[in-house]
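Labels below follow one simple rule: chain letters A, B, ... track the order of the sequence lines, proteins then strands, and each chain is numbered from 1.
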Number of protein chains: 2
Amino acid sequence: MKIGDAAQRSGLPAKTIRYYEEIELVAPARGANGYRDYSDNDVHRLAFLRRARGLGFSVAECRALLSLYDDDSRASADVKRMALAKVGEIDAKLAELTSLRDTLARLAATCHGDDRPDCPIIEGLAGATS
Amino acid sequence: MKIGDAAQRSGLPAKTIRYYEEIELVAPARGANGYRDYSDNDVHRLAFLRRARGLGFSVAECRALLSLYDDDSRASADVKRMALAKVGEIDAKLAELTSLRDTLARLAATCHGDDRPDCPIIEGLAGATS
DNA sequence: GCTTGACCTTCCTGTTGCTGGAAGCCTTAT
DNA sequence: ATAAGGCTTCCAGCAACAGGAAGGTCAAGC
């Protein structure tokens, strides 16, 4: 099937699919006219990539996951380790974002928000220790 | 003062400071030898940038904040609006990350994580609707 | 059989926010 | 005098694509 159909079925934009080929995550066949020709298995890989990327795995991590995916003798422990590490990363990011949100919200709350020029947010950004 | 000192005082790497000059966020003086010469005010701006960037403001937003910062007649309402919009963005990101984290954790929890090749995580990524 | 329009191809550029390195001055300390 | 370190510029590249130009191809309709 052609790239447009593969895009529709996998949920990825065609541009992204071509990019994934360029960085060698998928290797579709080529028709006589030069058009890319995707098998069901290719589409499967693409959908896999879309989900994994959507879950926050980097392209490098997706590459590793794909090699596990391709490897019938992989140990599920390997995959679990990667998933749990990712959960840890996400937790760290969540904590960071939360504290950041609170700092900003606190600054905004102390701002009277009118026409006067003095503003605690600006002052907080300019010199606050936090 | 020279860039090294400015870096130390502002908490930004020298490379980043030069980059900020390139994109015209700061405009230090130059000494006779061609060295950049930072005033206290420059360092202040740099520290402001470091904090704002650390709070998740984009460089474009920082530029806007700096122009407010420079403008003595600004309304604090403008700043408050930006800050609150940013809080909203962060909340959205938090929600997204949280759901992502839960999906991954759920996948990991159902994985026995031993030497056997079958792995619910891989299967979940390969075909799950979620 | 010819046109139209939708697709496909490649290639190049731009995005965001830096970071690293190379080559070469300048300064400071010994 | 010399060595180490800091400063300068410029060039390259990272992630992960997105946008667009220029051109080839294909199926349908008239």
Gap between atoms CG and P, on A:Leu12 and D:dA16 respectively (whole Å): 14 Å
Could you go through the side-chain contact (heavy atoms from CB on, under 4.5 Å) check for A:Arg36 and A:Ile17 one step at a time? CA-CA 10 Å; A:Arg36 289 169 179 83; A:Ile17 297 181; 5.8 Å; no
Under 3.5 Å: donor-acceptor pair, side chain of B:Glu21, backbone of B:Arg18: no
Protein-nucleotide distance (A:Asp5, atom CG; D:dA27, atom C1'), rounded to Å: 14 Å
Just the table, please: protein N/O against nucleotides 28-30 of chain C N/O, every pair under 3.5 Å.
none

Within the distance-only criterion (no hydrogens, no angle test), does the side chain of B:Arg63 pair as donor or acceptor with the backbone N or O of B:Ile23 below 3.5 angstrom? yes
D:dC26 phosphate, OP1 or OP2: any side-chain N/O from A:Asn33 under 4.0 angstrom? yes
So, OP1 or OP2 of D:dA16: does either fall under 4.0 Å of a side-chain N or O from A:Arg50? no
Under 6.0 Å from the CD atom of B:Gln8, do we count more than 12 heavy atoms belonging to anything else shown? no
May I have the distance from A:Arg30 (atom CZ) to D:dT25 (atom C1'), rounded to whole angstrom? 14 Å
Tell me: CD of A:Glu22 to C1' of C:dT9, nearest whole Å? 14 Å
For B:Phe57, does its backbone N or O pair with a side-chain atom of B:Lys86 as donor and acceptor, under 3.5 Å? no
Rounded to whole Å, please give me the gap between CD1 in A:Ile23 and C1' in D:dA16. 8 Å
Does A:Arg36 have a side-chain nitrogen or oxygen under 4.0 Å from the phosphate oxygens OP1 or OP2 of C:dT10? yes
Supply the atom-to-atom distance B:Ser39 OG to B:His44 NE2, rounded to the nearest 0.5 angstrom. 11.0 Å
Taking all heavy atoms of A:Ile90 and all of A:Leu55, pick out the closest pair and write down the distance. CD1-O, 4.3 Å
With a 4.0 Å cut-off on heavy atoms, is B:Ile3 in touch with a base, just the backbone sugar-phosphate, or nothing at all? sugar-phosphate
Taking atom P of D:dA16 as reference, at what distance in whole Å does atom CD of A:Glu21 sit? 19 Å
Check the interface with nucleotides 11-15 of chain D: list each N/O to N/O pair with the protein under 3.5 Å, or write none.
none

Looking at B:Thr16, I'd like to know whether one of its side-chain N or O atoms comes within less than 4.0 Å of OP1 or OP2 on C:dT19. yes
When rounded to the nearest 0.5 angstrom, what is the spacing between CG in A:Leu97 and NZ in B:Lys93? 7.5 Å
Side-chain N,O (B:Tyr20) to OP1/OP2 (C:dC18) below 4.0 Å: yes
Determine, step by step, whether A:Asp40 and A:Arg9 satisfy the side-chain contact (heavy atoms from CB on, under 4.5 Å) criterion, reporting the C-alpha distance in whole Å, the side-chain angles of both residues, the deciding distance to 0.1 Å, and the verdict. CA-CA 10 Å; A:Asp40 283 352; A:Arg9 290 217 219 164; 3.7 Å; yes
In whole angstroms, the gap separating P of D:dG6 from CG of B:Asp37 amounts to 18 Å
Taking 4.0 Å as the cut-off, does a side-chain nitrogen or oxygen of B:Arg18 come that near to OP1 or OP2 on D:dG6? no
Atom OH of B:Tyr35 and atom P of C:dG24: how far apart are they, to the nearest Å? 16 Å
Answer yes or no: is there a donor N or O on one side and an acceptor on the other, between the side chain of A:Asp37 and the main chain of A:Arg30, under 3.5 Å? no
